[in-house]
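A quick write-up on the structure given underneath.
Just so you know, residue 1 is the first one in the sequence shown, and it goes up from there.
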Amino acid sequence: MYIVETIVCSGKKGKDARLRRKLQARQEFKRRQDGCIAAWIGTGKQDSRMFLVQSVFTSLNVWKKVSDEISNTLDKQDGGLEGLM
């Protein structure tokens, strides 16, 4: 059974470009991990500050491992996403 991660979020006014770059970096990181089948990002049709982020993993354990790696590497390097939403 595959695991699909779906996130819908929007950036604070004036912070959407930075949020998009950080989301793209995380999706690229996921795509390079074993067990990640696909990862992509889309923007809202009416509101370019709204993002749809989806990833597909081979198992829940892989999803957890990749999420932990993102928290321990990318979030520590760039400060994470929370301040941009």
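No side-chain donor-acceptor contact under 3.5 Å links Arg49 to the backbone of Ser10.
Looking at Gln27 and Lys30, their side chains do bring a donor and an acceptor atom within 3.5 Å of each other.
Expressed to the nearest 0.5 Å, how far SG of Cys36 lies from NZ of Lys65 amounts to 11.5 Å. Atoms CH2 and CG, on Trp63 and Asp68 in that order, are 8.5 Å from each other to the nearest 0.5 Å. The CZ atom of Arg21 lies 9.0 Å from the CD atom of Gln24; values are rounded to the nearest 0.5 Å. For the atom pair CZ (Phe29) and CG (Leu74), the distance works out to 5.5 Å, reported to the nearest 0.5 Å. One finds the CH2 atom of Trp40 at 7.0 Å from the OG atom of Ser55 (value rounded to the nearest 0.5 Å).
Residues Val4 and Phe57 do not share a hydrophobic cluster, defined by chaining ILVMFWY side chains whose heavy atoms lie under 4.5 Å apart.
Using a cutoff of 4.0 Å between basic side-chain nitrogens and carboxylate oxygens, Arg26 and Asp75 are scored as salt-bridged.
Across Leu60 and Ile3, no two heavy atoms sit closer than the pair N-CG1, 3.4 Å. Nearest heavy atom pair, residue Lys22 against residue Asp78, reads NZ-O, 2.7 Å.
Within the 4.5 Å cutoff, the side chain of Thr58 has heavy atoms near those of the Ile37 side chain.
Residue Arg20 places its CZ atom among more than 12 non-hydrogen atoms of other residues, nucleotides or ligands, all under 6.0 Å distant.
When hydrophobic residues (I, L, V, M, F, W, Y) are linked wherever their side-chain heavy atoms come within less than 4.5 Å, the members clustered with Val53 are Ile7, Leu19, Leu23, Ile41, Phe51, Leu81, Leu84, Met85.
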